[in-house]
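I have placed the structure first, in the form of structure tokens, so that the comments after it can refer back to it.
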Amino acid sequence: MNKRQLLKTLALAATFGGARTATAQQGANLTLWVNAPMAGRDAPLFAEIAAFQAATRHRVSVQAVPHLEMQRNLTVAMSSGAGPDVMSLDIAWVPVIADAGLLLDITDHARSVADRYQPGPLLAGQFRGRHYAMPWYTNNVALYVNNPMLAAAGIRTAPTTWQEFQAAAIAMTNRERGTHGLSLAAGPTGIFQVYSFIWQNGGELIDPSGRVRLNEPEAIEAIEFVSGLYTRHRAVPDTVLTANSWDEVNAPFLQQRAGMLISGDWALGAIARNAPNLDYSVHPLPRGRRAASVIGGYSIAVNANTPARDAALQLVEWLSGPRSTEVMGRYERIAGTMAAVAPELIARLPANQRAFLQQAPYGVPRPAVAGWGDIHSNVMARLWDQVIRGAAVPGAVAAAHRAAAAIMAR
Amino acid sequence: MSGRPARSGPPEGGPTPAIASDRRRVSSWFETGFGARLYPYLLVLPAFIIVVGVVIYPVLSGIWYAFHDVTLRTLNRGTISFVGLRNFERAFADPVFAQAAWNTVAWVVLNVVAQLSLGLSLALLLNRPRRGIGAFRAGILIPWVIPSVVAVLTWRWMYEPTVGIANELLLRVGLIAEYRPWLGDTATSLLAVTVESVWKGTPFVMLLLLAALQMVPRSVIEAAEMDGASGWRKLWHVILPQIRVAFAIAAVLTFILTVNNFNAIWLMTEGGPLHSSEILFTLAYRYGFQRFDLGLASAIATLLFVGLVIATTLYLFLIHEREKD
């Protein structure tokens, strides 16, 4: 740590008033829960924690929790008055956990540093106009293309519009060879792949006022377009009926049975591990009426019941602050900071990561409403499962609209 | 001999006379009167505390939740209110609940019947003294000892609709004309999961029944053979009555384990597609941990609990009546 960083840390500690309390003088004991992939062996996080401890005298115990168990474990532990002082959490969980009163309101801090962050990831930490989480890393979904399959289909460049995308998917489909144009998922993962298309078409799911807008022509048209790739054009393998994990969605693309894949930067690691020789490239999603890509990623938040609020907030600032740009780079992820999307930084990245950063300005967060988890997992997933099995899209959308509105009314 | 003088007191390190006297007094207190009546209760107290803490309290609190409006918000803001039977009304009004209840019945009947009949068949087969029978017995237990998550995920990939080995095998033996999405088809998803569950659970039933079969006195079977009993009559009138207690235990355990078999369904289909493989257990989990509507989830869990208690009691009652006959 250089002098400037040290001074900055000390100033930060003074800002949060840590030096005024006996706890801060002695250093607080903090527990940090993070999603497991961020705390693997030799993960950059541990060096960051060591630097934080050295700078603040607080002690941090890091506990890794698998993504699939994180939301349940967090809510159960925090509802019982326990749980971590600081946690990383999927941006989609922020509204429901904040609504339960389990997250510390950090609006003052968030507003004071808002200009340092990309708007989408910052907005994802907001619920009912208040801030409860700071961006840690962000991602979006892009288009993975198998280069030889695209060339074999007689197409020179990756699709940039919906029409080109559809034409490429159909052209790469060959029943005799058992190849298809695009790999899609079933259920919640499948509808997650579709959200970007709804926004691209000018549609909306739930607007900021909480009004459900699913039953509008733009959304219906987008769902018809994507589901039609399977139901009408058969350009998607039957795995669309069963794949509910990213491994299963990736599989046809890795095995060169599907020429395109809609996924986030997490697929880069899966490809490197499982198909290191695959000749592929990553491109921004084909544009509809406008560019849009659904935002994912993790934020950092503080337990509302932590006895060490100042120290916990210091840790949030440390992990999500300016240092996160470089740290997330070491994870091959995108920090939520504005610095992370600076053109010179994008230019230095491997080609397959650039598409995600190019799309960052068009990132759209999912609705920040308390019922979103239920709407996504049960209503939207059901809608997708119905339409890929041949249900008429307008009718299925109308039913989903009513179900979502009922959840919002609750 | 060392010539050390003999000691009249307790051996070195042993209790002093005063402590020994105290112990005798305490010991005699537990042997008579109130102490003697209290003693057995003190012995079971640790187990009782554990059972209350990990079984009775959760069950009672679950039942209490079923009659209250418990969501993440009300739980953490301390605004839980009594709602009477409203959670049960909401459950019964939900079409998914009816589908899950029907699926639960189908799931249990298919599993119990298949596991008991296959388990009994295998037990009878492996009860015969043959060379190398030990290896067969050990081999058949493999599905049972494989961790359930590993087994479920393996089956999931076997059912894969485009390259899964299940499709390839069925195609080669001519049972299907083209690959099918077994887990992705609403008509076959529950059956596909049932096959995995039966494969996993049958060895346990077989083990219970095989142990019981080996306890059947040889003389009884030989007497039946001397009386000219055929294979089926011998099985029906001699062997099965001898193992009926073990069979009843196997049936009750299979029933309870099947109703509570969350892993198989959740990991293979998550209750889908379109709730076609949803059972009450997965529905309670969905409402509890996806919707965080803990009151509704507890109402469903309470109904499931009551159903389990009634079904188990009824079955054991029938067995008991038959024993008396």
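Order of the sequence lines sets the chain letters (A, B, ...), proteins ahead of strands, with each chain counted from 1.
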Would a 4.5 Å heavy-atom cut-off, applied to side chains only, mark [X] and [Y] as touching?
X: B/Y179; Y: A/D238; answer: no
X: B/E160; Y: A/T239; answer: yes
X: B/T162; Y: A/R257; answer: yes
X: B/W157; Y: A/E248; answer: yes

- Message: Does anything in residues 381-398 of chain A reach chain B? List residues with heavy atoms under 4.5 Å apart, or say none.
- Response: A/R382, A/D385, A/Q386, A/R389
- Note on the structure: Expected contact set for residues 72-86 of chain A against chain B at heavy-atom separation under 4.5 Å reads A/R72, A/T75, A/V76, A/M78, A/S79
- So what's closer than 4.5 Å to chain B heavy atoms on A/A370: side chain, backbone, both or neither? neither
- Query: With a 4.5 angstrom heavy-atom cut-off, which part of A/N305 approaches chain B: side chain, backbone, both or neither?
  - Reply: neither
Could you state the interatomic distance from [atom1] ([X]) to [atom2] ([Y]), rounded to the nearest 0.5 Å?
X: B/R73; Y: A/L102; atom1: CZ; atom2: CG; value: 12.0 Å
X: A/I97; Y: B/L72; atom1: CD1; atom2: CG; value: 8.0 Å
X: B/M268; Y: A/N244; atom1: CE; atom2: CG; value: 11.0 Å

- Query: Given a strict heavy-atom distance threshold of 4.5 Å, which part of B/F292 is in contact with chain A: side chain, backbone, both, or neither?
  - Reply: side chain
Should the heavy atoms of other residues, nucleotides or ligands under 6.0 Å from [atom1] of [X] be counted, would the total exceed 12?
X: B/R156; atom1: CZ; result: yes
X: B/F305; atom1: CZ; result: no
X: B/I165; atom1: CD1; result: no
X: A/R130; atom1: CZ; result: yes
X: B/F262; atom1: CZ; result: yes

- Counting heavy-atom pairs under 4.5 Å with chain B, the top scorer among A/P237, A/G373, A/S377 is A/S377
- Query: Do any of residues 74-110 of chain B have a heavy atom less than 4.5 Å from a heavy atom of chain A, and if so, which, in residue order?
  - Reply: B/L75, B/N76, B/R77
- Note on the structure: So salt bridge (Lys or Arg N to Asp or Glu O under 4.0 Å) across residues 261-283 of chain B, not counting sequence neighbours, yields B/E278-B/R286
